[in-house]
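Below is one structure, written out as structure tokens; the observations come after it.
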Amino acid sequence: MPAEYTNLEKIRLEKLETLKKRGVEPYPTRAQRTHTSRQAVAAFEEAEEKGSVQPVQAIVAGRIRSMRVMGKITFAHIEDGEGRLQLFLRADEIGRDALEIFNRDLDIGDFVQAKGEMFRTKAGEVTLKVQEYRLLAKSITPLPAAKDEVIDGQVVRHTVLADPEMRYRQRYADLAVNPEVRQIFRTRAAIVRALREYLDGLGFLEVETPILQPIYGGAAARPFTTYHNQLKQTLYLRISFELYLKRLLVGNLERVYEIGRDFRNEGVDRTHNPEFTQLEFYCAYADYLQVMEMTEQMIAYVADKVLGKRQFTYQGNTIDVNPPWRRLELRQGLFEVTGIDIQACPTTADLQRAMRERGLPYDPNAPRGKLIDGLIGDYLEPTLVQPTFLYDYPRDISPLAKSKPGDPQTVERFEGFIAGMELCNAFTELNDPLDQEQRFLEMGRDYDAEDEQRHPMDEDYLRAMRYGMPPNGGFGMGIDRLTMLLTDSPNIREVILFPHLREREGE
RNA sequence: GGGCGCGUAGCUCAAUGGCAGAGCAGUGGCCUUUUAAGCCAUUGGCUGAAGGUUCGAGUCCUUCCGCGCUCACCA
């Protein structure tokens with residue numbers, strides 16, 4: 001119950017009472033519809049083209065978005081899931097009482113159903129001439145007003161709901177008045193659909209693995225912790241799917257993927273939300289070079305399906321995802337932007353010295369891998385605007401990736417960047433159980449318990465690997481970030497329906 | 001967590017430290033082809049919260065709450 005109704009809400013509640021007194025049920029149980037707004041217009045235009053004399057009858061339903069009351073006639077627009085349709089109500093047709101109720105007791109925001117005949121107005125707009133209408137749901141709280149004007153075929157919206165806080169906290173209102181927001185989430189669904197199509201087409205099996213995990217792993221992040229009362233067990237919300245999906249490879253499922261939610265107890269900013277959607281796949285007998293090719297093919301496929309083209313604009317940059325993407329060795333890339341050759345700095349002390357010589361700030365407690373990771377983020381990542389695979393990463397920040405033959409310091413790992421944003425991460429997966437155990441031990445030694453780089457030892461995962469894991473290539477990608485790119489959204493919150501916000505006092 | 005900025009009517013926004021306003025929405029009228037309909041009239045505010053400075057605070061100061069940008073942090 002709202003603590004207090006606003007004046008505008010009180011007026012609408014009075015209208016609700018008036019309607020009831022006049023025998024109008026404001027929330028009827030059933031509705032009827034023969035045409036969506038778009039179908040009704042299409043049916044009329046088709047008949048018009050054929051020169052048909054048969055009138056097009058339709059029952060439509062939607063939300064009232066505008067009303068123009070002109071004495072004994074009224075024009076209104078309703079909006080449904082597909083678009084808008086103008087209604088034309090005339091006292092002669094529906095009766096004075098019905099028109100009066102419509103004009104006086106119905107409001108913008110109400111859901112109605114209307115039955116009538118399609119026609120074209122003098123101004124040329126295809127419109128429903130209403131014979132009867134019915135209220136489907138009364139709106140008490142006024143929608144944040146948005147008024148549309150059509151200039152040269154372009155819809156210009158006035159007084160749009162723009163306050164980001166209200167848009168995210170009351171996403172329902174945002175969606176109701178901002179059609180382009182609805183479009184973002186249709187695009188998001190299309191992206192996920194296209195990814196599934198692509199992977200299914202390659203014979204991948206979609207699976208679901210635990211979200212509540214006794215040991216978290218597969219990424220460097222702090223987890224959310226929870227507790228199972230009956231089992232008296234601490235559990236973690238997963239930070240990645242990796243270790244469970246790779247267990248499945250041990251079980252002879254050769255190609256698996258999962259699309260789902262990950263949870264990371266980290267900072268929130270324009271590219272990070274505490275819960276986010278991830279795609280991971282693992283492909284037996286593939287290495288990271290094959291995964292690289294799959295990645296660029298997959299993204300091109302998604303762009304084709306979703307946008308119908310492989311070029312798009314993101315925040316002013318034209319991005320072209322047509323394969324092949326640029327491939328940049330991490331060592332080379334870092335050398336170009338910092339002048340440091342990480343190959344020549346095999347120890348933490350060497351790298352610290354090189355950074356100091358060039359006046360680059362660094363965390364004196366960070367091991368070599370973390371320093372390199374920092375250099376990437378600070379100097380290299382922002383320059384990677386066109387799709388780029390950065391490859392061959394330091395071993396100590398990649399505890400689940402396989403070393404490059406003949407180069408134990410480096411692992412076969414790549415990350416994909418677009419528009420200066422990390423989009424995906426992949427490697428030739430480590431399948432040697434003895435090496436894997438060693439990596440966990442190194443992690444425990446080089447990083448203290450609070451460091452999110454540290455991966456806890458997962459004995460069961462090691463046991464699985466000891467049964468024999470086929471060599472394989474693995475891949476992970478943030479669906480939210482891909483959606484940002486393909487919808488030209490500057491902030492991850494624009495592509496998450498209900499993004500995390502701090503709870504307000506009293507709510 | 002640090003820095004910067006913002007918070008005023010249902011929505012979008014004004015207001016040198018000096019009477020808190022506009023457009024849209026709403027309400028009451030007129031209007032039988034409008035479309036940001038138009039015309040006339042009109043309601044609506046504890047200026048995010050609490051303190052303080054001042055003759056006087058939306059405006060200046062302090063604290064708190066929330067949001068945004070940014071830095072730190074962030075496979």
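To find a chain, count down the sequence lines: A is the first, B the second, and so on, and within it residues start at 1.
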For atom CD1 of A:Ile140 and atom C1' of B:G10, their distance in whole Å:
14 Å
Could you check how far NZ of A:Lys15 sits from C1' of B:A25, rounded to whole Å?
11 Å
B:C74 phosphate, OP1 or OP2: any side-chain N/O from A:Lys370 under 4.0 angstrom?
yes
Do A:Arg413 side-chain and B:A75 base share a donor-acceptor contact under 3.5 Å?
no
When you check the phosphate oxygens OP1 and OP2 of B:C67, does a side-chain N or O of A:Arg169 lie under 4.0 Å from one of them?
yes
For A:Asp378 and B:C74, give me the distance from atom CG to atom C1', rounded to whole Å.
12 Å
Could you state the CZ-P distance from A:Arg104 to B:G26, rounded to the nearest angstrom?
15 Å
What is the distance, to the nearest angstrom, from the CD atom on A:Gln170 to the C1' atom on B:G66?
14 Å
Looking at B:A75, does its base get a donor-acceptor pair with the side chain of A:Glu266 below 3.5 Å?
no
Using a distance-only test with no angle check, is there a side-chain donor-acceptor pair under 3.5 angstrom linking A:Thr410 and A:Asp407?
yes
Donor on one side chain, acceptor on other, A:Gln57 and A:His35, under 3.5 Å:
no
Reckon A:Ile239 touches a base, only the sugar-phosphate, or nothing at all at heavy-atom distances under 4.0 Å?
nothing
Rounded to whole Å, please give me the gap between CE in A:Met67 and C1' in B:C24.
16 Å
Side-chain N,O (A:Asn265) to OP1/OP2 (B:C73) below 4.0 Å
no
Between A:Asn103 (CG) and B:G28 (C1'), how many Å, whole number?
14 Å
Per-nucleotide protein contact string for nucleotides 30-35 of chain B (B base, S sugar-phosphate only, - none; heavy atom under 4.0 Å):
-BBBBB
Any base atoms under 4.0 Å from A:Leu8, or only sugar-phosphate, or nothing? Heavy atoms, all strands.
base
Taking atom P in both B:A20 and B:C24, compute the distance separating them and give it to the nearest angstrom.
24 Å
Classify the nucleic acid contact of A:Gln278 as base, sugar-phosphate or nothing, counting any heavy atom under 4.0 Å across all strands shown.
base
Closer than 4.0 Å, any side-chain N/O of A:Lys147 to the OP1 or OP2 of B:A37?
yes
Any base atoms under 4.0 Å from A:Phe276, or only sugar-phosphate, or nothing? Heavy atoms, all strands.
base
Short side-chain N/O contact from A:Arg502 to OP1 or OP2 of B:C67, under 4.0 Å:
yes
